[in-house]
Number of protein chains: 2
Amino acid sequence: MKVGFIGLGAMGQHMAHNLHDAGLLAGVWNRTPARSAGIPGRCYGSVAELAADCDVVVLCVSADAAVLEVIGALIPALRPGALVIDCSTVAADTARLAAARLAEVGAEFLDCPVSGGVEGAKNASLAIMCGGAPAVFERAQPVLAAIGRTIVLMGPTGAGQATKATNQILCAGVIEAVAEALAFAQAEGLPLDRVIDILGKGAGSSWYFVHRAPYMARGAFPAGFRVALHDKDLRICREMAARHGATLPVIESALADYARLRAAGHGDEDISAVFRLKTPLFAAAEPPARD
Amino acid sequence: MKVGFIGLGAMGQHMAHNLHDAGLLAGVWNRTPARSAGIPGRCYGSVAELAADCDVVVLCVSADAAVLEVIGALIPALRPGALVIDCSTVAADTARLAAARLAEVGAEFLDCPVSGGVEGAKNASLAIMCGGAPAVFERAQPVLAAIGRTIVLMGPTGAGQATKATNQILCAGVIEAVAEALAFAQAEGLPLDRVIDILGKGAGSSWYFVHRAPYMARGAFPAGFRVALHDKDLRICREMAARHGATLPVIESALADYARLRAAGHGDEDISAVFRLKTPLFAAAEPPARD
């Protein structure tokens, strides 16, 4: 099995290294060729050159348009029966469109968005949410096992992206709750470290509370999960919900906050930076009386 | 140390039993005397009778007015230097008012709202968030250790209630996020058990996602944390936030949903019943295309 990798971003470069370590990587292509430096394997001169040399192509790019552009460039050059695995986070409809185009030339497709961040990409411990036919999922196992740890087939094409979108909605709602609650605690004059310690063990807790409330308490928001990236993902979620006629308050609240954060130059901070917008809500002159 | 217990509700009856098992309980009083049946120790005929016989009085009642009413009834009869421990969930201001009234007659006060539910009350594994002077907190240790496991002094009087309010805001925001995200997943036709399994391990996870999304997937919402009770707690949070000039979106969204649930007769269900309101958002005629 010869695997080509496209998209050497913050996640992709680690995934390519792990495919190399598993003895699967034939080579890579990246829009910005400089990114390919230091990546083991061949450095292809074009998407078509990579397609012609590989049985399996893995993508990890940044947006729906980029996925469809790469698919378009792959199609004329793909080997018969090639498999394309898309690890980008895009709309379920984009996955379905990519799968349909590839099917026309006899190629297979699996949508495989990941979660676990740069750390998970580095340690090959990503969670991979897959959408596609069971036989295609089976065929992709050696590749997915080289980059991730929890690998689940969620349903037909698009189901991987729909699962990732569900996760992004959860993150949006939870970070808003954590930021508001912690801003309240701060306004009440509570010692935030002790609040995080005791409430982190209870029913109000969440991954974001345990791992990101400390950022809020310190007032520093190193990325993390960047506001600009979650903003992009939530726009995908918004469009997917709109296809069902739904407007989701959780998505809309977070997008409104992210617009304000980006306008203020905080788009590259972790999403826990929404705390910046919550503390000013507590603007009353009179603090609570203390004994 | 002779401890009297007031308020034998779902939580209080277990707490009284645990105080008895620790050899601390002198007796109990309850507004509805029938509730005292089966509780070990004396069954006092009035709050004043209990006050006259005990060094420490523990309250666990349902609302701010009830706390102040009991404090009013205790005051004329309390022993010199008595300690009143209030485990009810009420406003921080109510705690400060109770402490001030008791101080006038030389009695001490500790606000000690708990979390951990009926299960935690039964197993003496409650988290107890305390507000008061360090010396009073120390004095209360034998009593608190008999009913809880994680016992933390959060600050001066009212700080326990402020911490509990922070927790209730977290719960409100998280349950909304979980309900919306799961309604989205359902509309996308995803297998909810697998969604809960994979996303429950990731950064979007929370106690409520892991423990209550399965209720949503089954469409059954056994209490749990009752809507009517969280509604009461969130009204306290709303008033506390208003004292700082703040209106918190998380509180307002949940209260609007709880009003709808109560009007529809679901006030005694677990708060995960907000899922009932989220699925109808997905009303479009056209489901996503499937391959």
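Quick note on labels: first sequence line is chain A, next is B, and so on, each numbered from 1. For the numbers below, each heavy atom of this structure counts, side chains included, while hydrogens, waters and symmetry mates do not.
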May I ask you to decide if B:Leu153's main-chain N or O and A:Arg194's side chain share a donor-acceptor pair within less than 3.5 Å? yes
Roughly how far apart are A:Asn167 CG and B:Ser205 OG, rounded to 0.5 Å? 9.0 Å
Please give me the minimum heavy-atom distance between A:Thr247 and B:Leu281, naming the atom from each residue. O-CD1, 4.3 Å
Chain A interface, residue from B:Val174, B:Ile198, B:Val195, B:Thr150 that has the most non-hydrogen pairs under 4.5 Å: B:Ile198
Is chain B contacted by the side chain of A:Phe209, its backbone, both, or neither, given a heavy-atom distance below 4.5 Å? side chain
Highest number of heavy-atom pairs under 4.5 Å with chain B: which of A:Lys164, A:Lys201, A:Met240, A:Gln168? A:Met240
Any side-chain heavy-atom pair of A:Pro249 and B:Glu176 under 4.5 Å: no
Looking at every heavy atom in both A:Gly204 and B:Leu170, which two are closest together, and how far apart are they? O-CB, 3.6 Å
Which heavy atom of B:His244 sits nearest to which heavy atom of A:Ala187, and what is that distance? CE1-O, 3.2 Å
Between A:Ile169, A:Ile251, A:Leu199, which has the largest tally of heavy atom pairs under 4.5 Å with chain B? A:Leu199
Any heavy-atom pair between the side chains of A:Asp197 and B:Val152 that's under 4.5 Å? no
Okay, side chain of A:Glu188, backbone of B:Ala162: is any donor-acceptor separation there less than 3.5 Å? no
Among the options B:Ala185, B:Ser206, B:Gly173, pick out the one with the most heavy-atom pairs lying under 4.5 Å from chain A. B:Ser206
If I measure from the heavy atoms of chain A, does B:Ile128 come under 4.5 Å with its side chain, its backbone, both, or neither? backbone
Which atoms of A:Thr163 come close to chain B, meaning under 4.5 Å heavy atom to heavy atom: side chain ones, backbone ones, both, or neither? both
Using non-hydrogen atoms only, which part of A:Ala165 is less than 4.5 Å away from chain B: side chain, backbone, both, or neither? both
Search all heavy atoms of B:Phe184 against all heavy atoms of A:Cys237 and return the closest pair with its distance. CE1-O, 4.1 Å
Closest heavy-atom contact between B:Met154 and A:Leu190? O-CD2, 4.3 Å
